[in-house]
**Student:** 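Structure incoming, see below.
We use all heavy atoms of the structure for the numbers below, so side chains are in, but hydrogens, waters and symmetry mates are not. Atoms within a ligand are numbered from 1 in the order they appear, just like the ligands themselves.
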Amino acid sequence: MIKNLSQISEKILKEAGNKKVFLLVSGGVDSTVLFVLLNKVLGSERVLGLHVDHGLMRLNESRQIMDFLQKEGINNLQICDASEEFLTALQGVAEPEKKRNIIGEVFLKVASREMQRLSLSTSEWMLAQGTIYPDIIESGNIKNTDTIKTHHNRVQGVLDLQEKGMLLEPLASLYKNEVRILGEELGIPRELVWRHPFPGPGLGVRLLCCDGKPVGNEPKFLPIKSVGIKNNARTYGQPLLIEGDLPWEELEKQSVDNRAVWLVERAANEAFEAVEQYCAKETLDTLRLFDDICLKFLQENDLYNKIWQMPVVLLPLKTAGKPCIVIRPVNSIDAMTASFAKIDQGLLKNSLWPKLKAAGLGALFYDITNKPPATIEWE
Ligand code: XMP
């Protein structure tokens, strides 16, 4: 397995040959590390980065990436605002795999269009991706593994490029923590390298969509569906709802078989109703608002570095006409397995909830499931 910096650098030099390399920089840890790595190994004249703003970023995220790279003196990154194109393609789409495929295909369409606009001929340039090892396994590219979900860097167009030897994936044998260590070795500041991972399809996988069709009305379950994983296969079902003040240990016992959420607080004692919901500017802005409050809560309470990742998911659910979110704090080493993190319940109720409520939230749920049986993201 190719793991260390000198081996990876050698591989890049060999595979790139005399070509220049074009990279889509999502702003996540993987693609940022790869971008800095390619700049170091090949030199800035042979590298060009493109940040496609798909409109699925967090609040102020695109600007922060640019600020960091500028500070590092890396200025071969272009920005393309394609958010309208992505949102148009996602209109009315609820099925998670379909959303992923659309995001992946639009990504490629925008990328190849930009390459043409930049006159990046395929005889001179190749495409690089920050794919890491778990992405490959979970897309079913390795023998005997079922497809759990399609990663946007494993859609057909990318596989075609790979077949033609036009695809460079230097991080493909690395786990997440190994990518972070590599980033540190490259001199990227700790606070950037140890940022929580953020999926390529961005908030597209955290804004849970729903076509409005009923999914069951058993009161013990939320009337929505989320992706999970069981016996190495993908599941798509209703999360169990647990109410009442119970310690984490008690709650954990109830979430062994499928995804379960604990109701932290709610604004009113009214029913949870499923609503039709898709990725659109308005719903994304709502998610961005709550996501930012949750991020600041982690930072302010010295929790950010103690938790591996905390997706904030907007559910297609309303109570008393107000939106509902679930937070999914997890601890993990390599994202292949994870355990839910146990944040102090008093802090959730007395510090986080009042801020969310003031911003218009109807209910706050907390995912109390490990991976497996549930995935980290909700899709
Ligand atoms: P799951 O939901 O599969 O997530 O338990 C495992 C880890 O992978 C991240 N993730 C992605 N990262 N592109 C990425 O770069 C993707 O399409 C993608 N999907 C999930 C997720 O945030 C978690 O850290």
Side-chain angles (χ1 to χ4, degrees), residues 23-35 51-52 54 56-58 61 65 86 90 96-108 128-141 145-155 158 169 171-172 174-180 183 194-208 225-230 232-236 239 259 279 287 291 295 307-313 326-341 367 369-379:
L23 169 70
L24 293 168
V25 182
S26 72
V29 174
D30 307 338
S31 63
T32 308
V33 168
L34 180 56
F35 188 51
H51 174 61
V52 174
H54 48 24
L56 304 165
M57 306 298 279
R58 291 160 148 185
E61 200 166 22
I65 302 155
F86 278 88
L90 286 168
E97 275 296 278
K98 215 167 158 192
K99 281 197 297 182
R100 275 185 173 273
N101 270 305
I102 288 172
I103 295 168
E105 294 293 354
V106 177
F107 229 105
L108 271 184
Q129 287 201 135
T131 314
I132 65 170
Y133 191 58
D135 301 339
I136 301 173
I137 299 183
E138 296 207 335
S139 286
N141 278 36
T145 46
D146 195 0
T147 298
I148 290 161
K149 68 170 147 248
T150 305
H151 278 255
H152 77 273
N153 35 24
R154 276 288 171 274
V155 293
V158 166
E169 294 187 315
L171 310 180
L174 270 61
Y175 284 99
K176 194 96 206 172
N177 55 331
E178 295 172 327
V179 175
R180 295 182 197 275
W194 292 95
R195 254 182 329 156
H196 290 178
F198 189 62
L203 298 180
V205 298
R206 295 186 179 171
L207 198 145
L208 220 67
K225 282 185 175 178
S226 90
V227 165
I229 163 176
K230 207 174 192 176
N232 233 358
R234 185 178 180 275
T235 59
Y236 190 42
R259 202 192 282 273
C279 288
L287 175 54
D291 179 65
L295 174 69
I307 284 169
W308 192 79
Q309 187 183 25
M310 191 175 88
V312 175
V313 180
V326 56
I327 55 173
R328 169 87 170 122
V330 289
N331 284 317
S332 175
I333 291 174
D334 55 18
M336 306 286 281
T337 60
S339 50
F340 81 90
D367 191 330
T369 334
N370 299 325
K371 172 186 179 176
T375 45
I376 295 176
E377 302 289 348
W378 269 57
E379 312 278 328

**Student:** Taking all non-hydrogen atoms of both residues into account, name the closest pair between Glu379 and Leu208 and its distance.
**Tutor:** C-CD1, 3.1 Å
**Student:** Can you name the ring pair (Phe, Tyr, Trp, His ring centres under 6.0 Å) partners of His51, sequence neighbours left out?
**Tutor:** none
**Student:** Closer than 4.0 Å to some heavy atom of Gly200 - which atoms of ligand 1 meet that?
**Tutor:** 12 (N), 13 (N), 14 (C), 15 (O), 16 (C)
**Student:** Are any of the N/O atoms on Asp135, whether in the backbone or the side chain, positioned under 3.5 angstrom from an N/O atom of ligand 1?
**Tutor:** no
**Student:** Does Glu379 reach ligand 1 with a nitrogen or oxygen that is under 3.5 Å from one of the ligand's nitrogen or oxygen atoms?
**Tutor:** no
**Student:** Of all the heavy atoms in Lys176, does at least one lie under 4.0 Å from an atom in ligand 1?
**Tutor:** no
**Student:** Using a strict 4.0 Å cut-off to heavy atoms of Trp308, name the atoms of ligand 1 that fall inside it.
**Tutor:** 24 (O)
**Student:** Starting at CG of Leu90, measure out to CD1 of Ile102 and round the result to the nearest 0.5 Å.
**Tutor:** 5.5 Å
**Student:** May I ask you to list the atoms of ligand 1 that are less than 4.0 angstrom from any heavy atom of Thr375?
**Tutor:** 1 (P), 2 (O), 5 (O)
**Student:** Pro201 and His54: which non-hydrogen atoms are nearest, and at how many Å?
**Tutor:** C-NE2, 4.1 Å
**Student:** Considering both backbone and side-chain atoms of Pro197, is one of its nitrogen or oxygen atoms within less than 3.5 Å of a nitrogen or oxygen in ligand 1?
**Tutor:** no
**Student:** I need the atoms of ligand 1 closer than 4.0 Å to a non-hydrogen atom of Lys371, numbered in the order shown.
**Tutor:** 1 (P), 3 (O), 5 (O), 6 (C)
**Student:** Any heavy atom of Pro201 closer to ligand 1 than 4.0 angstrom?
**Tutor:** yes
**Student:** Any N or O of Glu377 that comes nearer than 3.5 Å to an N or O of ligand 1?
**Tutor:** yes
**Student:** Roughly how far, to the nearest 0.5 Å, is CD1 of Ile307 from OG of Ser332?
**Tutor:** 13.0 Å
**Student:** How far does OG1 of Thr369 sit from CH2 of Trp378, to the nearest 0.5 angstrom?
**Tutor:** 7.0 Å
**Student:** Keeping Arg259 on the side-chain end and Val227 on the backbone end, is there a donor-acceptor pair under 3.5 Å?
**Tutor:** yes
**Student:** Run the numbers for me: atoms of ligand 1, each under 4.0 Å from some heavy atom of Arg100, listed by number.
**Tutor:** 16 (C), 17 (O), 18 (C), 19 (N), 20 (C)
**Student:** Checking Phe340 now: which residues fulfil ring pair (Phe, Tyr, Trp, His ring centres under 6.0 Å) with it, not counting sequence neighbours?
**Tutor:** Trp248
**Student:** Provide the number and element of each atom of ligand 1 under 4.0 Å from a heavy atom of Gln309.
**Tutor:** 21 (C), 22 (O), 23 (C), 24 (O)
